[in-house]
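Step one of this worksheet: look at the structure below.
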Amino acid sequence: DQLLTPGRYPAVVRARSLLCYWAVRELGVTASDLARQIGMTQPAISISVKRGEKIANETGFGLESLLR
């Protein structure tokens, strides 16, 4: 619920960035479609994807680990 609310709280930004990264890079959702679905602009999604990739690489979080 909090992931989709506007705001720049660090924990929410990190979680939203991971969501954007996984959706775009691993699930194949387009940035434009994701932007419409979660109420962000396409450029903001692209920035979040880059941030999410960095977070995933640093922490080792992967989409497959959530699905187990």
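Not a single side chain to side chain donor-acceptor pair (under 3.5 Å) links Gln37 to another residue, sequence neighbours left out. Here Ala15 pairs with Leu3 under the side-chain contact (heavy atoms from CB on, under 4.5 Å) rule; sequence neighbours left out. By the side-chain contact (heavy atoms from CB on, under 4.5 Å) test, Val24 pairs with Leu34, Ile45, Val49, sequence neighbours left out. The side chain to side chain donor-acceptor pair (under 3.5 Å) test applied to Ser32 returns no partner, not counting sequence neighbours.
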Might you work through the side chain to side chain contact (heavy atoms under 4.5 Å, CB included) test for Met40 and Arg16, ending with a clear yes or no? CA-CA 11 Å; Met40 293 173 64; Arg16 188 182 304 129; 3.5 Å; yes
Please list, one pair per line, the donor and acceptor atoms closer than 3.5 Å that link side chains of residues 53-63 to other protein atoms, with sequence neighbours excluded.
residue, atom, partner, partner atom, Å
Glu53, OE1, Arg25, NH1, 3.0
Asn57, ND2, Glu53, O, 3.3
Thr59, OG1, Ile55, O, 2.7
Thr59, OG1, Phe61, N, 3.3

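Annotation: side-chain hydrogen bond (donor to acceptor under 3.5 Å, both in side chains) contacts involving residues 38-47, sequence neighbours excluded, comprise Gln42-Ser46. Among residue pairs with one or both ends in residues 27-38, those qualifying as salt bridge (Lys or Arg N to Asp or Glu O under 4.0 Å) are Asp33-Arg36; sequence neighbours excluded.
Under a hydrophobic clustering in which Ile, Leu, Val, Met, Phe, Trp and Tyr are joined whenever their side-chain heavy atoms come within less than 4.5 Å, directly or via other members, Trp22 and Val29 fall into the same cluster.
By the 4.5 Å side-chain criterion applied to Ile, Leu, Val, Met, Phe, Trp and Tyr, Ile47 is assigned to no cluster and stands alone. Cluster partners of Tyr9, by chain and number: Val12. The rule joins Ile, Leu, Val, Met, Phe, Trp and Tyr whenever side-chain heavy atoms lie under 4.5 Å apart.
Within a 6.0 Å radius of CZ in Arg14, no more than 12 heavy atoms belonging to other residues, nucleotides or ligands are found.
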